[in-house]
Amino acid sequence: MKPERHSETGPDELYLDVRMLNNLHEVAKWGKVLAILGFVLSAFTLLFGMFMQGFAKAPALEESAANVGLSGFTVVVYAFVALVYFFPSLYLFSFSSRMQQGVQERNRQQVQRAITKLKILFKFLAIMMGLFLLLFGASLVMLVTGVSELQV
């Protein structure tokens, strides 16, 4: 079954009616909200890491903080997490801004650039999820082998 084509479009073009354009504009609005919340979360994560570093260096808690693993490495871990979360937020913000502008102006190139940013976001998230699954699997293997060594 062939898809219906609008009479004003060529063979390689896609026609979007007003309802679809409104939906894309609405998606872009919510994407922008999520992106801004992502920026805020990244900043809070970084600040929390710095707070934990300062907390670990308090004279009264320095020895107990070292015992629970709070060290200079803490800031590095929190900064890495904040950076990893910053990039999807940046790509989502870029997608949302370009999509809103493209839909408002009915600018095909701007909508295409927005879709490209969305593609980059999805690729980044897929790679990130794959790495997290690998790290989770490696942690699980280390946990199981560590527990079995403790029982021997």
Side-chain angles (χ1 to χ4, degrees), residues 1-58 61 64-66 68-144 146:
M1 183 175 189
K2 284 188 168 181
E4 290 185 31
R5 296 193 195 278
H6 190 267
S7 61
E8 296 176 12
T9 62
D12 292 331
E13 295 181 13
L14 175 67
Y15 171 74
L16 300 176
D17 64 15
V18 174
R19 187 173 42 216
M20 286 189 272
L21 287 172
N22 287 338
N23 284 337
L24 283 173
H25 194 265
E26 186 75 19
V27 165
K29 282 182 188 178
W30 283 107
K32 196 175 268 190
V33 168
L34 286 174
I36 291 169
L37 290 174
F39 292 142
V40 170
L41 182 63
S42 292
F44 280 155
T45 302
L46 188 60
L47 289 173
F48 185 74
M50 287 187 228
F51 169 76
M52 291 302 289
Q53 177 65 24
F55 180 74
K57 288 187 176 188
L61 301 172
S64 63
V68 295
L70 295 176
S71 63
F73 187 66
T74 304
V75 171
V76 173
V77 170
Y78 278 99
F80 178 74
V81 169
L83 187 66
V84 165
Y85 202 76
F86 174 80
F87 281 105
S89 300
L90 181 64
Y91 295 137
L92 183 59
F93 186 82
S94 182
F95 158 75
S96 299
S97 297
R98 290 173 191 254
M99 183 60 76
Q100 280 182 319
Q101 183 180 5
V103 168
Q104 285 173 351
E105 297 172 359
R106 303 292 196 264
N107 184 330
R108 181 185 177 98
Q109 287 81 21
Q110 199 68 357
V111 171
Q112 182 179 355
R113 288 185 195 119
I115 297 295
T116 300
K117 292 297 181 182
L118 188 62
K119 179 181 80 170
I120 293 169
L121 170 66
F122 286 157
K123 282 183 179 180
F124 184 89
L125 288 175
I127 292 167
M128 189 174 74
M129 292 297 166
L131 289 175
F132 282 153
L133 284 173
L134 283 173
L135 287 172
F136 180 74
S139 298
L140 194 60
V141 167
M142 290 188 320
L143 178 68
V144 168

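It should be emphasised that the depicted structure is a prediction, and the values quoted were computed from it without experimental measurement. Computation of the quantities below employed the complete heavy-atom set of this structure, encompassing side-chain atoms and omitting hydrogens, waters and symmetry-equivalent molecules.
No side-chain heavy atom of Asn107 sits less than 4.5 Å from a side-chain heavy atom of Gln101. With a 4.5 Å cut-off on side-chain heavy atoms, Met99 and Leu118 do not count as touching.
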Show every donor-acceptor pair shorter than 3.5 Å between a side-chain atom in residues 30-48 and any protein atom, with sequence neighbours excluded, or say none if there are none.
from	atom 1	to	atom 2	distance (Å)
Trp30	NE1	Glu26	OE2	3.2
Lys32	NZ	Gln100	OE1	2.9
Ser42	OG	Gly38	O	3.1
Ser42	OG	Ala82	O	3.2
Ser42	OG	Phe86	N	3.3
Thr45	OG1	Leu41	O	2.7

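For the atom pair CZ of Phe136 and CG of Leu143, the computed distance is 9.5 Å after rounding to the nearest 0.5 Å. In this structure, OG1 in Thr116 is found 5.5 Å from CD in Gln112, a value given to the nearest 0.5 Å. Asp17 CG to Asn22 CG: the interatomic distance, rounded to the nearest 0.5 Å, is 9.0 Å. Distance check, rounded to the nearest 0.5 Å: CG of Leu125 to CG of Leu92 gives 9.0 Å. Summarising the geometry, atom CE belonging to Met128 is positioned 10.5 Å from atom CG belonging to Leu133; distances are rounded to the nearest 0.5 Å.
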(message) Run the side chain to side chain contact (heavy atoms under 4.5 Å, CB included) test on Val27 and Phe95 for me, step by step, so that the C-alpha distance in whole Å, both residues' side-chain angles and the decisive distance to 0.1 Å come before the verdict.
(response) CA-CA 10 Å; Val27 165; Phe95 158 75; 4.3 Å; yes

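Screening residues 80-96 for side-chain hydrogen bond (donor to acceptor under 3.5 Å, both in side chains) gives Ser94-Arg98 as the qualifying pairs, with residues at least two apart or on separate chains.
Taking all atoms of both residues into account, the shortest heavy-atom contact from Phe132 to Val84 is CZ-CG1, 4.4 Å.
Scored by the ring-ring contact (aromatic ring centres under 6.0 Å, His included) test, Phe87 finds no partners at all (sequence neighbours excluded).
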